[in-house]
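Below: one structure, written as structure tokens.
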Amino acid sequence: MEKSVFFEGISQRPVKVGGYDIPVPIFYQDITSLGIFLLASLDKVKSILPSKRMNPFRVTPWHCLVTVTASEYKESDLGPYNAVSIGIPIVLDKVTPLFTGILHKPPEIPMIYVLYLPVTSDKARVSGFEIASYPELLAEISFENEDQWIRCKADLEGENILTLTGRKINLKPSLREGVYPITLHQDQRVLRTEFNFSEGETGISTRQSDVKLEFGNHPIGIKLKELKVDKVLRYQYWPKQQAILTMACESYII
């Protein structure tokens, strides 16, 4: 796909955020990502959500989901940078059916409460906070490519948060998809943005041998362990995508 096709017809306007001039919506022209959906303790996850309006996906009577996505933004309107997004898929004001994601389909465009978002660029950190209160932290995030594997290591203040290693699995054509990131604003509201991804090729696996997640000793890694994350339900590998991120477009009272 030519670079211009996905963005064609979409107007941007310049805004100043934290001393940086950026265009919005933000275009990401070249992304490589790997992500996982993990089982976690439903009670533990509910206890850290900032609003009772937020309800995690009920995968079992005792489990919900936590997502970890590691991305190399090789080319973007914010410049190149790396990021690791740790989130909780949720719905607002209602409870999902049991076995959501197994027997019942999740929402076509899921809401994901962004719990942590380490990034390697101050411009990305400041811009994310200004446009929608993204909880971005300036961190060290590296990617290593081996013959059949890709590994992401995220460190903060000299301590490891996590290391995610995924196999470069077989790819199939994929359609456009999107997520609604949900973030917590300082005035006791939650904000919704839109993150839309282009068509491309995606590798999908449910085999435990295709992915490995290790939490480190940084306080974030320890807090994630306390959520009793367990089995990887799904692993996805996107070698090349494009994306568009909007500013906050909806807000809710907590």
Side-chain angles (χ1 to χ4, degrees), residues 3 26 28-40 65-87 112 114-125 128 134-172 174 177 179 195 197-198 200-225 227 229-243 245:
K3 279 191 175 183
I26 299 169
Y28 292 83
Q29 295 87 359
D30 188 0
I31 310 169
T32 295
S33 297
L34 57 160
I36 55 175
F37 293 83
L38 293 151
L39 282 178
L65 291 177
V66 169
T67 66
V68 178
T69 304
S71 301
E72 284 186 280
Y73 297 119
K74 299 176 181 177
E75 183 181 351
S76 81
D77 289 343
L78 302 178
Y81 70 97
N82 298 336
V84 173
S85 177
I86 301 158
I112 298 183
V114 184
L115 188 59
Y116 300 109
L117 186 52
V119 297
T120 58
S121 158
D122 186 67
K123 186 175 184 179
R125 181 187 66 82
Y134 277 91
E136 301 193 7
L137 306 161
L138 199 58
E140 296 178 3
I141 303 170
S142 61
F143 283 81
E144 295 180 10
N145 273 281
E146 299 176 1
D147 184 32
Q148 295 296 323
W149 298 88
I150 182 169
R151 178 179 295 107
C152 174
K153 186 172 181 285
D155 296 328
L156 184 60
E157 298 169 342
E159 294 182 298
N160 181 245
I161 299 173
L162 60 81
T163 302
L164 177 61
T165 305
R167 192 187 302 274
K168 297 176 183 178
I169 51 181
N170 292 333
L171 304 172
K172 293 183 178 180
S174 56
E177 57 185 349
V179 298
F195 210 179
F197 296 86
S198 67
E201 290 186 311
T202 306
I204 299 174
S205 175
T206 57
R207 296 173 54 187
Q208 302 297 302
S209 58
D210 284 334
V211 64
K212 182 178 182 181
L213 175 66
E214 300 170 281
F215 291 119
N217 291 323
H218 186 275
I220 292 177
I222 293 171
K223 288 179 182 178
L224 293 172
K225 291 178 189 177
L227 299 180
V229 292
D230 194 0
K231 181 180 179 181
V232 175
L233 285 187
R234 182 182 176 104
Y235 161 60
Q236 293 182 244
Y237 168 56
W238 302 269
K240 189 175 180 65
Q241 274 188 310
Q242 297 174 325
L245 176 64

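Predicted, not measured: the structure shown is a model, and the values here were computed from it. Residues: numbered from 1 along the sequence shown.
- Once rounded to the nearest 0.5 Å, the distance linking NZ of Lys240 with OG of Ser33 reads 12.0 Å.
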Q.
Test side-chain contact (heavy atoms from CB on, under 4.5 Å) on Ile161 and Tyr116; report intermediate values, then the result.
A. CA-CA 11 Å; Ile161 299 173; Tyr116 300 109; over 6 Å; no
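- Every ring-ring contact (aromatic ring centres under 6.0 Å, His included) that Tyr73 has, sequence neighbours left out, goes to Tyr28, Tyr81.
- Glu201 is linked by a salt bridge (Lys or Arg N to Asp or Glu O under 4.0 Å) to nothing, counting only residues two or more places apart in sequence or in another chain.
- Legend: residues meeting side-chain contact (heavy atoms from CB on, under 4.5 Å) with Asn160, ordered by chain and number and at least two apart, are Lys153, Asp155, Thr163.
- Residues Val68 and Leu38 have side chains in contact (heavy-atom distance under 4.5 Å, counting atoms from C-beta outward).
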Q: Please assess Tyr134 against Leu245 for the test side-chain contact (heavy atoms from CB on, under 4.5 Å), listing each intermediate value before the final yes or no.
A: CA-CA 12 Å; Tyr134 277 91; Leu245 176 64; 3.6 Å; yes
**Q.** Derivation of the side-chain contact (heavy atoms from CB on, under 4.5 Å) call for Ser85 and Thr67
**A.** CA-CA 8 Å; Ser85 177; Thr67 66; 5.7 Å; no
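- Of the possible donor and acceptor atoms, one in the side chain of Gln29 sits under 3.5 Å from a partner among the backbone N and O of Ser76.
- Residues that satisfy the salt bridge (Lys or Arg N to Asp or Glu O under 4.0 Å) test with Arg234, not counting sequence neighbours, are absent from this structure.
- When every heavy atom of Trp149 is checked against every heavy atom of Ser209, the shortest pair comes out as CH2-O, 3.4 Å.
- When all heavy atoms are compared, the tightest approach of Phe195 to Ala243 is CE2-CB, 3.7 Å.
- Taking the side-chain hydrogen bond (donor to acceptor under 3.5 Å, both in side chains) definition, one finds that Thr165 meets it with Arg151, sequence neighbours left out.
- Inter-residue side-chain proximity for Ile86 and Leu224 is flagged as met; some heavy-atom pair is nearer than 4.5 Å.
- When side chains are defined from C-beta on, Pro239 counts as touching Leu171, because their heavy atoms get closer than 4.5 Å.
- Atom CG of Leu162 sits about 8.5 Å away from atom CD1 of Ile141, to the nearest 0.5 Å.
- Residues in residues 159-171 take part in these salt bridge (charged side-chain N to carboxylate O under 4.0 Å, His left out) pairs, two or more places apart or across chains: Arg167-Asp210.
- A search for side-chain contact (heavy atoms from CB on, under 4.5 Å) contacts involving Gln208 returns Lys231, Val232, not counting sequence neighbours.
- Nearest heavy-atom pair across Asn82 and Thr120 is N-OG1, 2.8 Å.
- How far CG of Leu213 is from CG of Leu34: 10.0 Å, rounded to the nearest 0.5 Å.
- For Thr32, the side-chain hydrogen bond (donor to acceptor under 3.5 Å, both in side chains) partners at least two apart in sequence or on another chain are Lys74.
- Distance OG/Ser205 to CD1/Ile36: 12.0 Å, rounded to 0.5 Å.
- Taking CD1 of Ile169 as the start and CD1 of Ile204 as the end, the distance is 7.5 Å to the nearest 0.5 Å.
- The salt bridge (Lys or Arg N to Asp or Glu O under 4.0 Å) test applied to Asp122 returns Arg125, not counting sequence neighbours.
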Q: Would you check, one step at a time, whether the test side-chain contact (heavy atoms from CB on, under 4.5 Å) holds for Ile220 with Leu137?
A: CA-CA 11 Å; Ile220 292 177; Leu137 306 161; 3.5 Å; yes
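- Under the side-chain contact (heavy atoms from CB on, under 4.5 Å) criterion, Ile222 pairs with Glu226, sequence neighbours left out.
- Considering every non-hydrogen atom in both Ala40 and Val66, the closest pair reads CB-CG2, 3.7 Å.
- Expressed to the nearest 0.5 Å, how far CG of Leu39 lies from CG of Leu227 amounts to 12.5 Å.
- In this structure, Pro80 has no side-chain contact (heavy atoms from CB on, under 4.5 Å) partners at least two apart in sequence or on a different chain.
- Under the rule for a salt bridge (Lys or Arg N to Asp or Glu O under 4.0 Å), Glu140 has no partner lying at least two apart in sequence or in another chain.
- Within 6.0 Å of atom NZ in Lys223, 12 or fewer heavy atoms from other residues, nucleotides or ligands are found, so the atom counts as exposed in its surroundings.
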Q: Apply the test ring-ring contact (aromatic ring centres under 6.0 Å, His included) to residues Tyr235 and Tyr237: give CA-CA distance (whole Å), side-chain angles for both, the deciding distance (0.1 Å), then the verdict.
A: CA-CA 7 Å; Tyr235 161 60; Tyr237 168 56; 7.1 Å; no
